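Just so you know, these numbers come straight off a predicted model, no measurement behind them.
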Amino acid sequence: HTLPDGSATIAGWRPLLGFMRCRDGPVALREDAARALSDVSAASIFRPSVLLLAGIAATVLGDDDGRADDLLTDAGDASRPPQGLTEAPVTLPLAIAERAMLAISRGEWVKSDTLAQEALRITRQSRLAESPGQALVFAVAARTALHADRTDQAQKLLTEAQRRLPRLTHASATVAVQARLEMVRCY
């Protein structure tokens, strides 16, 4: 007997929720991500979120950049809406913004700017712009714009990120911290 999402049990859902709250610290992120990856069905509607969170865990804990990028790419691919639809799930622009941050960490500013602009375009086209987690998308795009000397655009993007911060709480602790750190890096 399987659950409607194709998973055998809800065992994979629990670490997914634990990961989002990050209650047990960063080391537990890796364990939660590994459990969710093994327990959540590949066909599950939660799979893109699991892949995103596994990619974030690999990034935050300084694991292999290639593995983190692969997980984030898989999260983005699993999140893409079918051809002709513009409504993307919240995981898609976040996965792309996370990839942009990885590119920044490697000094690949052109790639990071391309990824940040893609995340921003998807956020705006799919009407996700008001979602609190999208503060990360705006903050990363601001950082790449600032690096490219597009200071007016960077300022507008930072303002957009700032507007979302009051609603970006401990309920999504990892993304909340990342968004704030990316904003700090702009100053």
Would you name the heavy atoms of Pro93 and Val90 that are closest together and state the gap between them? CD-O, 3.4 Å

Distance, nearest 0.5 Å, that separates [atom1] of [X] from [atom2] of [Y]:
X      : Y      : atom1 : atom2 : result
Cys186 : Leu157 : SG    : CG    : 9.0 Å
Leu94  : Ser131 : CG    : OG    : 7.0 Å
Thr114 : Glu108 : OG1   : CD    : 11.0 Å

Check salt bridge (charged side-chain N to carboxylate O under 4.0 Å, His left out) between Arg67 and all other residues, then give those that pass, not counting sequence neighbours. none

Side-chain contact test, heavy atoms from C-beta onward, threshold under 4.5 Å: evaluate it for [X] versus [Y] and give yes or no.
X      : Y      : result
Phe138 : Leu158 : no
Asp152 : Gln155 : no
Met183 : Leu165 : yes
Leu168 : Arg180 : yes
Val140 : Glu98  : no
Leu146 : Arg185 : no
Gln178 : Ile56  : yes

Check: Glu160/Gln134 side-chain N/O donor and acceptor closer than 3.5 Å: no

What residues join Leu181 in its hydrophobic cluster, counting side-chain heavy atom gaps under 4.5 Å, either direct or through other members? Val177

Please answer whether the main-chain N or O of [Y] pairs with a side-chain N or O of [X] as donor and acceptor at a distance below 3.5 Å.
X      : Y      : value
Arg164 : Ala129 : yes
Arg163 : Thr159 : no
Arg143 : Met101 : no

Could you list the donor-acceptor pairs under 3.5 angstrom formed by side chains in residues 69-77, with sequence neighbours left out?
from, atom 1, to, atom 2, distance (Å)
Asp69, OD1, Arg99, NE, 2.9
Thr73, OG1, Asp69, O, 2.8
Thr73, OG1, Arg99, NE, 3.1

